[in-house]
Amino acid sequence: MRVLGIESSCDDTACAIVVDGAHLIASQRLSSDLVQRRYGGVVPEVAAREHTMAMVPVVEATLEASGITLADIEAIAVTRGPGLLGALLVGVTFAKALGVTLQVPVVGVHHLEAHLYANALIEPLHFPSLALIVSGGHTSLCYWRGHGELEVLGATRDDAAGEALDKGARLLGLPYPGGPEIEQLADSVKDSGGLRLPVARVDDAPLDFSFSGVKTATDDLVRRFPDKRAEIARALQDAVVEALVKRLQLAYDLYPVNDIYLAGGVSANGALSMALHDFARQRRIAMHVPPRELCTDNAAMVAALGYYRLAEGQRLEAFDGPKTPWPLSSLAKGGLPC
Ligand code: KG4
Ligand code: ZN
């Protein structure tokens, strides 16, 4: 089944065509990050306006790259939430209108769950597994029993991992989005020169994350060591990576599986990917990380997940709009293994 995916939850307008949830035919994306840079972050109204201008050209470019026409599209999948309301509204409205015009079914998918399906475009998914989703707005650690069966084991209590990097970057005078900028600066030095940033543990919930304290601590280091920007970037990256790897190790001890999936914008980070691969090698398990271009927001992951949701008979009805907030935990079915 040829599914056309639409993604517009944040600052990327994206479209892709995926066959049977696995074979990527074409994928295009236009980010408004250069516009957003002026404001130091994503301004919701600006994002929504940029989506309205970018949507049609991005869909046309995808069709052109795919070599097929709109008449060949059999279904549409769109990110329904969570995300910026106005931004989501553009994608959902466009998808519904296109569905009516082409007379094909439309399904709305969860953005975070979709991130995991970037991995389905590389090889078939293995269940049960553990999944770590690390993006600009969310950090979630899950037990993944099968399609549509995600159990949240831990989540952030405050800032997301990507948000911590974005805020740290801002304190270091780096542009938005901060994650790749922090990575580049951090990798320019061999270590943090003895600087360390603590990541808080959540006492009553060892699999939960808390990154808000890192921001305050980064601010303090920037004031004390203005000439050590690269070392501070390295310390920040080390702290975020350590927090993520530790929670994943703990989750693995509780739920030993053969496969671990990483997804979301922060999974593009080389240090994180390396640390997780090291861990997986020690335990002789498989670590799956999407290729860089599928880590950050894209529509291929949306089309891939949409295929499974359509097969289950899910549809976006005429009066269904964006869904945000939309807790990942609301997707849970069936509980955890004993
Ligand atoms: O998944 P995503 O594209 O959008 C959301 O759903 O939020 O994730 C964006 C986040 C941003 O915080 C960005 O700074 C971070 O992913 N990011 C990275 C890297 N590339 C993007 N963080 C660390 N290293 C990177 N190379
Ligand atoms: Zn995302």
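Bear in mind the structure is a predicted one, so any value in this text is a computation, not a measurement.
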Using 4.0 Å as the upper bound for N to carboxylate O, is an ion pair formed by Arg29 and Asp11? no

Pair Glu312 + Arg309: basic N to acidic O under 4.0 Å: yes

Within a 6.0 Å radius of atom NZ on Lys215, are there more than 12 heavy atoms belonging to other residues, nucleotides or ligands? no

May I ask you to decide whether Glu242 forms a salt bridge with Lys246, counting only side-chain N to carboxylate O separations under 4.0 Å? yes

Are Arg80 and Ser9 linked by a side-chain donor-acceptor pair shorter than 3.5 Å? no

Side-chain ion pair, Arg224 and Asp220, N-O less than 4.0 Å: yes

Pair Arg37 + Asp33, salt bridge at N-O below 4.0 Å: no

Just do the ring-ring contact (aromatic ring centres under 6.0 Å, His included) check on Tyr252 and Phe279 with the steps written out, would you? CA-CA 10 Å; Tyr252 175 79; Phe279 164 68; 5.8 Å; yes

Using a 4.5 Å side-chain heavy-atom cut-off and chaining through intermediate ILVMFWY residues, the residues clustered with Ile76 come out as Leu4, Ile6, Ile17, Val19, Ile25, Met55, Val56, Val59, Leu63, Ile68, Leu70, Ile73, Val78, Val90, Val92, Phe94, Leu98, Leu102, Val104, Val106, Leu316

So Tyr261 and His288, would you call those rings parallel, tilted or perpendicular, with 30° and 60° as cut-offs? parallel

Inspect the contact between Arg281 and Asp278 and indicate whether a charged nitrogen and a carboxylate oxygen are less than 4.0 angstrom apart. yes

For residues 181-191, pull every pair meeting side-chain hydrogen bond (donor to acceptor under 3.5 Å, both in side chains), keeping only residues two or more places apart or in separate chains. Glu183-Arg292

